[in-house]
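What follows is a structure written as structure tokens; I'll ask about it next.
From a predicted model like this one, the values you see are computed outputs, not experimental measurements.
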Amino acid sequence: MPDMSASVSLAMTHLVPLAKEVDENKVTPGVLGFIVFAVMALAVWGLMKSMSRQLGKVDFEETPDPEAEAKAETASETASAEPGAGQS
């Protein structure tokens with residue numbers, strides 16, 4: 001591990017002078033920013049594709065609600081029992 005910290009400190013000593021040379025009014029994300037953005041975009045695309053595939057596998061059939069069926073039957077019986085209920 002000491003080699004890694006030495007390489008990091010060496011890289012920082014070379015990058016700090018480069019950062020001071022950059023015009024502060026024209027700072028752009030550069031290539032690294034583009035690469036990070038592109039990787040994040042690919043990750044989101046992959047996750048959306050995977051989610052779509054997983055949701056496509058779901059075969060959901062709702063079980064009928066007995067209370068709703070009973071209410072619908074009583075409503076239809078009440079409407080058919082009154083012959084002039086639906087006419088004006």
Side-chain angles (χ1 to χ4, degrees):
M1 287 299 213
D3 294 335
M4 190 166 113
S5 64
S7 62
V8 169
S9 65
L10 182 64
M12 289 303 293
T13 58
H14 290 293
L15 291 177
V16 170
L18 290 176
K20 290 182 181 177
E21 294 174 8
V22 174
D23 183 14
E24 292 182 10
N25 295 327
K26 293 185 177 182
V27 175
T28 62
V31 177
L32 180 63
F34 174 75
I35 291 171
V36 169
F37 183 77
V39 167
M40 289 174 58
L42 286 173
V44 169
W45 177 78
L47 287 171
M48 293 290 285
K49 189 173 180 179
S50 174
M51 183 181 69
S52 176
R53 190 179 322 123
Q54 294 299 324
L55 288 176
K57 291 179 182 178
V58 174
D59 186 24
F60 178 73
E61 293 183 16
E62 187 174 351
T63 57
D65 187 16
E67 293 178 9
E69 288 181 4
K71 288 179 184 177
E73 288 177 5
T74 57
S76 65
E77 289 174 3
T78 305
S80 64
E82 298 175 8
Q87 300 171 356
S88 312

Open item on the list: Can you list, by chain and residue number, the hydrophobic cluster partners of Val39 when the side-chain cut-off is 4.5 Å?
Closed with: Val31, Ile35
Task: Gln54: partners by side-chain contact (heavy atoms from CB on, under 4.5 Å), with sequence neighbours left out - done: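 Result, side-chain contact (heavy atoms from CB on, under 4.5 Å) vs Gln54: Ser50, Lys57.
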Task: ILVMFWY cluster membership beyond Leu55 - transitive side-chain contacts under 4.5 angstrom - done: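 Hydrophobic cluster check, Leu55: joined to Val44, Met48, Met51.
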Open item on the list: Which Ile, Leu, Val, Met, Phe, Trp or Tyr residues join Met40 in one cluster when any pair of side-chain heavy atoms under 4.5 Å counts as a link?
Closed with: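 Other cluster members: Leu32, Val36.
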- [ ] Go through the structure and list residues passing side-chain contact (heavy atoms from CB on, under 4.5 Å) with Asp65, not counting sequence neighbours.
- [x] Glu67, Ala68
